[in-house]
Amino acid sequence: MSNFLPNALVKRLNEQEGFDSEAFNKVHEQGDKVTSIRINSLKQNTVSFRNTKPVPWCDKGYYLPDRPVFTLDPLYHAGCYYVQEASSMFVAHILRKVGLEDSAIRALDLCAAPGGKSTLLASYLGRESLLVCNEVIKSRTNVLVDNMVRWGTSNIVVTNSDPSTFSRLPGYFDLVLIDAPCSGSGMFRKAQETVDEWSLANVKLCSERQRRILRESISTLVRDGYLIYSTCSYSKEENEDILDWILTEYGFESVPIALDSNWGIEETRSTSHQAFGYRFYPHKVKGEGFFVAVLRKKEDQPTFSRKKNKFEKNGVPPHVVSEWVAQSSNFTSFMHGDHIHIFPKKYEEDLKWLQQVLYIKQAGTTIGKWTGRELLPSHDLACSVHIKTDLPAQEVTLDAALQFLRKESLNTGDFTGAKAGWCLVRYKKVNLGWVKVLPSRINNYYPKEVRITNL
Ligand code: SAM
């Protein structure tokens, strides 16, 4: 028996058919760390790391041979990839299998911070969908906003609302992902504190919390909509038992997901309803512990009245957006304070409905501050995949890029080709942010909140 894994957990896992406790213990004792990234194909189509291996269930996912210092890679800051645990990337395979890849749906990621699965949904659902990324814990919403801004798509709304709030949007979403807070046993290899904090009492507490989250929000899913439920726990009480509970309490059906048997993912069935679940064990897959299941709502869901809203003049001069944003006719724009936002035109009405109910932290992309005469372009715009490609820009070296990301003063020699005025700083053809080129100096506009401080 491993000298650090909780006995109560391993004993219970042993009761599961085919569970290999020796291999499970061994992989935890070895403590190998697996590093994987998922690329943002809207920004970059190739991986810039060497000797990578593909994650079998996610075509944008790659294993790296070791863990680089991501903070020192400008492309990390520019949202060209997200460092994500490989098992979690299985959500991409699910979207493909249920036919939601590149769809035009309304999706909710209910427990979204720091944004791993939200950035995945943003990539795989495509530009025609609307994605609401919600995080109930206020202090965790900023990192979620930062990660979504870096990812660069405008069809997103980041909210900071309690799950129960979503019951005020009944029958609204076509897809709800609930990556529930859990006892975290799947992360034992990665974080010692999850081992220290693990107890059967906590498993019970988490399972009650998971039911509460589901009970309070499940009505937001439309009939025939999909619920993806996941945890990073091995405990049946937080996984298969939750599926049984949903199937008993609500009108859902379980959706099987076809697998390649070489992947090592274990298909399990719940006790009462034989619902399909997918277990990831670190001794069987190259990834951490994870559980995921797909359910489809099969009962009628009364919805809310979608009143047409009146749209008042928004105060944004029409030429401003088209000066900075490509294909600007696809977007509606609005002022929030003195900032101009863009948002997909086709979801303009939706934003009003969401505003009436949810606490919105970010809607679409903030393209800049309007002074009344000119737009001071925002960092969000520099990160956006919708920014015009012919704006003034300067390609820089790695050293200059890191100086910029540390918000240090910049050498005029690195910007000799640049005209006076706003200029994008580019590294390997990817935008990092803005500088203002002046006759004798370069002003660095990288936001201080996200600058590199410790390296
Ligand atoms: N989906 C995220 C990702 O892939 O990056 C990880 C989510 S993490 C497993 C669970 C999230 O649930 C955390 O962000 C946590 O703050 C949030 N959470 C904690 N308690 C919650 C509650 N009572 N209701 C809803 N969410 C909660």
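Not measured: the values here are computed from a predicted model. Both ligands and their constituent atoms are indexed starting at 1 by order of listing.
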For R12, side-chain contact (heavy atoms from CB on, under 4.5 Å) partners two or more places apart:
L200, E237
Taking the basic N atoms (NZ, or NE/NH1/NH2) and the acidic carboxylate oxygens, is any pair closer than 4.0 Å for E266 and K284?
yes
Can you give each donor-acceptor pair under 3.5 Å made by side-chain atoms of residues 448-455, sequence neighbours left out, with the distance rounded to 0.1 Å?
from: R451; atom 1: NH1; to: K448; atom 2: O; distance (Å): 2.9

Take atom NZ of K369 as the centre, draw a 6.0 Å sphere, and report whether it contains more than 12 heavy atoms from other residues, nucleotides or ligands.
no
Pairwise side-chain contact, V425 with N444, heavy-atom cut-off 4.5 Å (strictly under)
no
Validation: residues 66-76 side-chain donor-acceptor distances under 3.5 Å, sequence neighbours left out:
from: D73; atom 1: OD1; to: L75; atom 2: N; distance (Å): 3.1
from: D73; atom 1: OD2; to: Y81; atom 2: OH; distance (Å): 2.6

Neighbour list for ligand 1 [protein residues, heavy atom under 4.0 Å]:
C111, A112, A113, P114, G115, G116, K117, E135, V136, I137, R140, P163, D179, A180, P181, R209, I213
